[in-house]
Amino acid sequence: MTESIRRSGEYENHENPYQGAPQHASAPVNPEWPPPPAYQPAAPGPVESRQSAEAGAMWQTPAQPGGAWNTAPAGDGNGGTALLPPVAAEPAPVPPRRRARRGPMALLAAVAIVAAAIGGGTAYGIQELTGKDEVVASSTTTSVVPSSKTGDVASIAAAVSPSVVEIQATLGSGSSTGSGVIITSDGEILTNNHVIAGASSIKVQTSDGKEYTAKVVGTDSKKDLALIKLENASGLKTATLGNSDGVKVGDTVVAIGSPEGLTGTVTSGIVSALDRDVTVSTDESQGRQQQQQGGGWPFESGGQEFNGDTGSSTTTYKALQTDASLNPGNSGGALVDANGNIIGINSAMYSAADATSSTAGSVGLGFAIPINTVKADLATLRAGGSDS
């Protein structure tokens, strides 16, 4: 039978030494009590580590039974037990960054950028997202024709001709023939004021031969512009309005219109000058009289009169000059750049002074109202125009 060995002073009254009276200061500490744990203690958390460090910085031993407690620094060789350094607290986890939500404006901007990179889809993409019928390109980098066909007259004509119409205006003293450019799918059409001025009725024929009745929405005689609207029209092919500020002398251009009632006539040339001062008559009767005599609407440029006397009531605007062949009936039609964008509305052309309507022809001196001037006036025209 194995006998238990108890040292003097240990386990007095058979009580747990941690529950009874404190040990005498002179009593040695049993190195085997308490027994080591059967498992590795868990690392203390940040709070416990701090508390343990504060509480265990000093090791307490009683000076005498029932007496005061002596304190000595841990590990000082007086029987104290050294504490392990506290485990450093793990840094608080960084919350994941939230991705910014993209709103409708960001979506619009992204679609516009991607469409511009692709080419001619820019105007269509913006039209579909905004729900507006008007198609207006912001720069001449938009390409209506494929990039491989830039400058190809046949490709430009095929792409733009469906957006150009012939206009027949019935007047008290006869009729007037001109052209127009479709800018909304439901039939808003830009043309010259002198094409429809004084008209009692207006008929429009599209490139596919369909005929419509139109009414005047607004006129601006000072810029020789007018806006008309087809009745009961839908699904029309709209033109893309470009940026005339980017046009340079020597740029390739194509003119599309209905000279002498020949719908869809296409001619080509270059921009021969910029910012030409063109003065036209705002007197309706004066202009009609000269038009019937010489075939063209009277205007002045460079100090000279063309197609007759402009009269005393006139207005002057800055125009693009082109050598593309323009003839009576081209007025109100499209001047198109190499990418298929409308950069001007044809408005004036010179014909020989002694020519009749049957023999008049272009001598390479034509003018167009810059499309940026037109776009700036569009809201006014839709509201009835400056002449209302």
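Since the model is a prediction, treat every value here as computed from it, not as a measurement.
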Whether Y350 and F306 hold their rings parallel, tilted or perpendicular, with breakpoints at 30° and 60°:
perpendicular
Test side-chain contact (heavy atoms from CB on, under 4.5 Å) on I183 and I342; report intermediate values, then the result.
CA-CA 10 Å; I183 62 170; I342 310 299; over 6 Å; no
When rounded to the nearest 0.5 angstrom, what is the spacing between OG in S268 and CG in D152?
10.5 Å
Please list, chain by chain and in numerical order, all residues satisfying side-chain contact (heavy atoms from CB on, under 4.5 Å) with V249, sequence neighbours excluded.
L274
Going by atom types alone, do S347 and Y317 pair a side-chain donor with an acceptor below 3.5 Å?
yes
Just grab all the salt bridge (charged side-chain N to carboxylate O under 4.0 Å, His left out) pairs involving residues 205-228, residues at least two apart or on different chains.
D220-K223
Does A273 have any side-chain contact (heavy atoms from CB on, under 4.5 Å) partners at least two apart in sequence or in another chain, and if so, which?
R276, Q321
So CG of N193 and CG of D387: to nearest 0.5 Å the spacing works out to 6.0 Å
Between N327 and P259, what is the shortest heavy-atom contact and its length?
CB-CB, 3.8 Å
Could you walk me through whether S143 and V145 pass side-chain contact (heavy atoms from CB on, under 4.5 Å), step by step?
CA-CA 5 Å; S143 184; V145 298; 4.0 Å; yes
Check whether any side-chain heavy atom of V253 lies under 4.5 Å from a side-chain heavy atom of L320, and answer yes or no.
no
Please list, chain by chain and in numerical order, all residues satisfying salt bridge (Lys or Arg N to Asp or Glu O under 4.0 Å) with D277, sequence neighbours excluded.
K318
side-chain hydrogen bond (donor to acceptor under 3.5 Å, both in side chains) partners of T380, counting only residues at least two apart
none
Nearest 0.5 Å please: distance from the CD1 atom of I156 over to the CG atom of N341.
9.5 Å
To check you understand the geometry: which heavy-atom pair defines the closest contact between L171 and S176, and what is its length?
CD1-CB, 4.0 Å
All side-chain hydrogen bond (donor to acceptor under 3.5 Å, both in side chains) counterparts of S161, not counting sequence neighbours:
none
Rounded to the nearest 0.5 Å, what separation is found between the CG atom of L190 and the CG atom of L378?
6.0 Å
Just to verify, what does K203 make a salt bridge (Lys or Arg N to Asp or Glu O under 4.0 Å) with, not counting sequence neighbours?
none
Does E166 have any salt bridge (Lys or Arg N to Asp or Glu O under 4.0 Å) partners at least two apart in sequence or in another chain, and if so, which?
none
Partners of S179 by side-chain hydrogen bond (donor to acceptor under 3.5 Å, both in side chains), sequence neighbours excluded?
none
Of all residues at least two apart in sequence or in a different chain, which pass the side-chain contact (heavy atoms from CB on, under 4.5 Å) check with S207?
P162
When the side chains of residues 364-374 are checked against the rest of the protein, which donor-acceptor pairs come out under 3.5 Å, sequence neighbours left out?
residue	atom	partner	partner atom	Å
N372	OD1	S244	N	3.3
N372	ND2	N243	OD1	2.8
N372	ND2	D245	OD1	3.4
N372	ND2	D245	OD2	3.1

Let me confirm one number: the CD1-CG distance from I189 to L227, rounded to the nearest 0.5 Å.
9.0 Å
Quick one, I228 and I167 - any side-chain contact, counting heavy atoms below 4.5 Å?
yes
Which residues satisfy the side-chain contact (heavy atoms from CB on, under 4.5 Å) test with I270, sequence neighbours excluded?
D323
What's the separation between atom CG in L241 and atom CD1 in I343, rounded to the nearest 0.5 Å?
12.0 Å
